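Written out below as structure tokens is the structure these notes cover.
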Amino acid sequence: MKKILFLATVILCSSFIFGQGNNYVQDYTKFQGLALTPPMGWNSWNKFACNVDEAMIRQQADAMVSSGMRDAGYEYINIDDCWHGGRDSLGFIFPDAKRFPSGIKVLADYVHSKGLKLGIYSDAGSQTCGGRPGSRGYEFQDALKYAEWGIDYLKYDWCNTEGLKAEGAYKTITAALKKAGRPMVLSICEWGTDAPWKWAQNVGHLWRTTGDIYNCFDCVKDHGTWKAWGVMQILDKQAGLRQYAGPGHWNDPDMLEVGNGQLTPAEDRAHFSMWAMLAAPLIAGNDLRNMDEQTIGVLTNKEVIAINQDPLGIQGFRYSIKDSVETWLKPLNGGDWGVVFLNRNKGKTISVNHNWQEKVIVDSVADRTLDTRKINYSVFDCWKKISLGNTSTPLKISIPPHDVMVVRLKAMR
Ligand code: GLA
């Protein structure tokens, strides 16, 4: 009898703990099936910093459609820092009433009506980097609000996080999003400090690998307590990380500076091409409302985007450096390859004579081989949009300073 009573108690207790309706078992894993290719979109920070409001965000959504960016694959309109107003008496977050008088839900409805998705920003600490209310201690309430508003993407920053550990903090917000129930992409923004590539594959969909990008091609901006990095500096910091990227979990070398006026047309092209090769999220950071033809041409280059959005999701790698020209390779679906020649020299045009057949290239990380002696590939120039013959003859090109040549190799069978 005692045994039966004991068993009955055990069954009763475990049904409380594991049973339905139990509200305190958490799921610390991200929503599956999102960001199967690197997310594409726009974010307010690089151009507008704290100057965000609903009219401007709506206009960006309009421009994403009218510029052809939506049709080229861009999807997310992401509000970064400084949208916050405060917390109500119950602790729920609300937006700045002057900047977002209609509220975030109305904005989300508008963005959705354009066939786009809305992203928002918070921080794991007590305050955001811009000094607005952070989510620490309010994670579940914030997630509920975001879900109620119809948010699709959360960028979660790492300022003012004294005493917190990144893995635990990001798992908490993931659990909160899961509990709120609306699928959201989680963009982890702890600048690579705690090597998120080692623990975040099931926690978030992308993770920043470095500190902030700075709007220059090849420089470092020293802010005293922290540094911001030029495009080339960020590129170099990606070494050794490609094994961690793949569908649903990407290395994020930060948002684009294309069209923000400091880079030359060649540098804009090079920046965009390298992000494509890195299988990086393509999050534009410029004002979409007044782009010139050159900027639109870069951001909507279908062939370069196809290299970025390739379904295999294999991050590219630097294969060689010669006379300041780097050769990068990216295995693509169907046995194709993306190849980039990047001239890092600021002042000199460099001639390249590339003999495709010189070596068999083995990518041991992705287990792919490029053997042009066995298979002949057609060579297509993704910027000039012309055929450059095939891999049976060497490629003779010259690359202007800070420019790239991007080609796609297609197996001829
Ligand atoms: C940090 C992030 C940036 C941006 C700002 C906002 O610096 O890394 O991308 O979100 O905060 O304050």
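Quantities reported herein were computed from a predicted structural model and do not represent experimental measurements. Start at 1 and go down the list; that is how both ligands and their atoms are numbered.
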Considering the heavy atoms of [X], write down every atom of ligand 1 situated less than 4.0 Å from one of them.
X: C189; value: 2 (C), 8 (O)
X: G130; value: 12 (O)
X: W191; value: 2 (C), 8 (O)
X: R208; value: 8 (O), 9 (O)
X: W45; value: 4 (C), 5 (C), 6 (C), 12 (O)

Does atom CG (D367) have a neighbourhood of more than 12 heavy atoms from anything else shown, all under 6.0 Å? no
Residue and atom name of the nearest protein heavy atom (relative to [atom]), distance in Å to one decimal:
atom: atom 7 (O) of ligand 1; value: D212 OD2, 2.7 Å
atom: atom 10 (O) of ligand 1; value: D80 OD1, 2.7 Å
atom: atom 11 (O) of ligand 1; value: D157 OD2, 2.8 Å
atom: atom 9 (O) of ligand 1; value: K155 NZ, 2.8 Å

Tell me which part of A49 gets within contact of ligand 1: side chain, backbone, both or neither, using heavy atoms under 4.0 Å.
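None of A49 does.
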- Is there any N or O on D254 that sits under 3.5 Å from an N or O of ligand 1?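 No; every N/O pair is 3.5 Å or more apart.
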### Query
Do D81 and ligand 1 have an N or O pair less than 3.5 Å apart?
yes
Check: Looking only at side chains, do N301 and W383 share a donor and an acceptor under 3.5 Å apart?
Finding: no
- Side chain N78, main chain G41, donor-acceptor under 3.5 Å: no
(request) Carefully, step by step, assess W83 and W149 under the rule ring-ring contact (aromatic ring centres under 6.0 Å, His included). (result) CA-CA 14 Å; W83 60 269; W149 291 338; 5.7 Å; yes
Margin query: In the structure I gave you, are the side-chain heavy atoms of W356 and P394 within less than 4.5 Å of one another anywhere?
Written below: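 They are not in contact (no side-chain heavy atoms under 4.5 Å apart), so the answer is no.
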Give a yes or no on whether a salt bridge exists between D336 and R408, defined as a side-chain N under 4.0 angstrom from a carboxylate O. yes
Checklist entry - Between D268 and V258, which heavy-atom pair has the shortest distance, and what is it? => result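 For D268 versus V258, the nearest heavy atoms are OD1-CA, 3.4 Å.
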| message | The test is ring-ring contact (aromatic ring centres under 6.0 Å, His included); show your working for H271 and F217 and say whether it passes. | response | CA-CA 8 Å; H271 176 19; F217 194 71; 7.9 Å; no
